[in-house]
Amino acid sequence: MKPIIRDSTDADVPAIAAIYQHSVRTGTASFELDPPSTEEFARRRQAVLGGGFPYLVAELDGQPVGYAYASTYRPRPGYRFTVENSVYVAPGLQGRGIGKALLPVLIDRCEDAGFRIMIAVIGDTQNAPSIALHAACGFHHIGTLPGVGWKLGRWLDSVLMVRQLGAGTSEPPPPGR
């Protein structure tokens, strides 16, 4: 069954917070060590939305089973055309096409908003599913930061992947932004 991809709502927060909390506790996609409370997660989501970035949910049988959002890559104004993406899928549902349904919609939404570059900072070189998902969606590996994080009793790398959006870097951005 193919998930419905839609904008997230406040009502989705408990379910998508639970997805992230599980990932923090058990995985290496995030280098966060302590899962944020649902209230903190809601605050973070509002900050993303308040910045004008998309925040999407994948829904199956009326339940959120994954989410994706774009956010500021770095706060300095010279980076204003670059976004970083995040994609998370509910435990036990990875490998069923949920991330593959979410990421292209996120890419389209960021292109429509005028962003030119999307960066994926993937925790752990052993996170083959995320690396494969991004490659399937047009991202290219641009580097690995070796041993930049410590979690779950081991040093973790960060894999950097990038994808151009719209005209990318082939022409200047529109004036006035």
Side-chain angles (χ1 to χ4, degrees), residues 1-77 79-115 117-124 127 129-130 133-134 137 148-152 156 158-159 161 163 165 177:
M1 193 162 160
K2 188 172 179 166
I4 296 168
I5 308 301
R6 59 172 175 76
D7 290 325
S8 68
T9 68
D10 291 344
D12 297 320
V13 168
I16 60 178
I19 292 168
Y20 183 69
Q21 291 161 347
H22 180 269
S23 180
V24 168
R25 282 191 302 274
T26 65
T28 57
S30 169
F31 286 10
E32 196 157 2
L33 300 178
D34 298 313
S37 68
T38 300
E39 294 76 21
E40 172 59 17
F41 188 88
R43 188 200 63 72
R44 293 178 188 184
R45 178 181 158 273
Q46 278 307 124
V48 168
L49 293 171
F53 299 101
Y55 207 117
L56 307 173
V57 164
E59 180 183 295
L60 282 175
D61 298 324
Q63 297 297 316
V65 294
Y67 67 96
Y69 64 91
S71 60
T72 303
Y73 169 63
R74 295 214 170 161
R76 301 217 177 14
Y79 294 111
R80 69 190 177 279
F81 296 101
T82 302
V83 295
E84 182 177 339
N85 79 71
S86 294
V87 180
Y88 288 88
V89 175
L93 296 177
Q94 292 91 352
R96 297 187 185 183
I98 295 166
K100 185 73 168 31
L102 278 162
L103 189 51
V105 177
L106 185 68
I107 290 166
D108 289 347
R109 295 282 292 280
C110 288
E111 285 179 334
D112 291 347
F115 295 107
I117 300 289
M118 184 176 280
I119 295 177
V121 181
I122 299 168
D124 195 5
N127 192 343
S130 185
L133 166 65
H134 285 84
C137 291
V148 294
W150 175 262
K151 186 175 180 185
L152 301 177
L156 301 172
S158 282
V159 176
M161 298 182 79
R163 183 192 194 285
L165 303 174
R177 182 165 181 212

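On a predicted model such as this, the values are computed, not experimentally measured, just so you know. When reading the values below, keep in mind they use all heavy atoms of this one structure, side chains included, and skip hydrogens, waters and symmetry mates.
The shortest heavy-atom contact between L60 and M1 is CD2-O, 3.8 Å. Across every non-hydrogen atom of S37 and Q21, the tightest pair is C-NE2, 3.7 Å. Of all heavy-atom pairs between A70 and L106, the closest is N-CD1, 3.7 Å. The two atoms that bring I16 and P64 nearest to each other are CG2-CB, 4.0 Å, heavy atoms only. Of all heavy-atom pairs spanning A58 and I5, the tightest one is CB-CD1, 3.6 Å. Here the shortest heavy-atom pairing between Y20 and S30 reads OH-OG, 2.8 Å.
Ion pairing between a basic and an acidic side chain is recognised when a charged N comes within 4.0 Å of a carboxylate O; E32 and R44 show such pairing. Under the 4.0 Å criterion applied to side-chain N and carboxylate O atoms, R45 and D10 are assigned as salt-bridge partners. In summary, E39 and R43 do not engage in a salt bridge, as defined by a charged side-chain N under 4.0 Å from a carboxylate O.
The structure places CG of L133 at 8.0 Å from CD1 of I122, a figure rounded to the nearest 0.5 Å. To the nearest 0.5 angstrom, F115 atom CZ is 15.5 Å from Y79 atom OH. Between the CG atom in L102 and the CG atom in L56 there is a gap of 6.5 Å [rounded to 0.5 Å]. Once rounded to the nearest 0.5 Å, the distance linking CD1 of I107 with CZ of R163 reads 4.5 Å. From T82, atom OG1 reaches atom CZ of R74 across 10.5 Å, with rounding to the nearest 0.5 Å. In this structure, CE on M118 lies 10.0 Å from SG on C137, to the nearest 0.5 angstrom.
Between Y55 and Y67, the ring-plane angle classifies as parallel under the 30° and 60° cut-offs.
The neighbour count for K100 NZ, taken as heavy atoms of other residues, nucleotides or ligands under 6.0 Å away, does not exceed 12.
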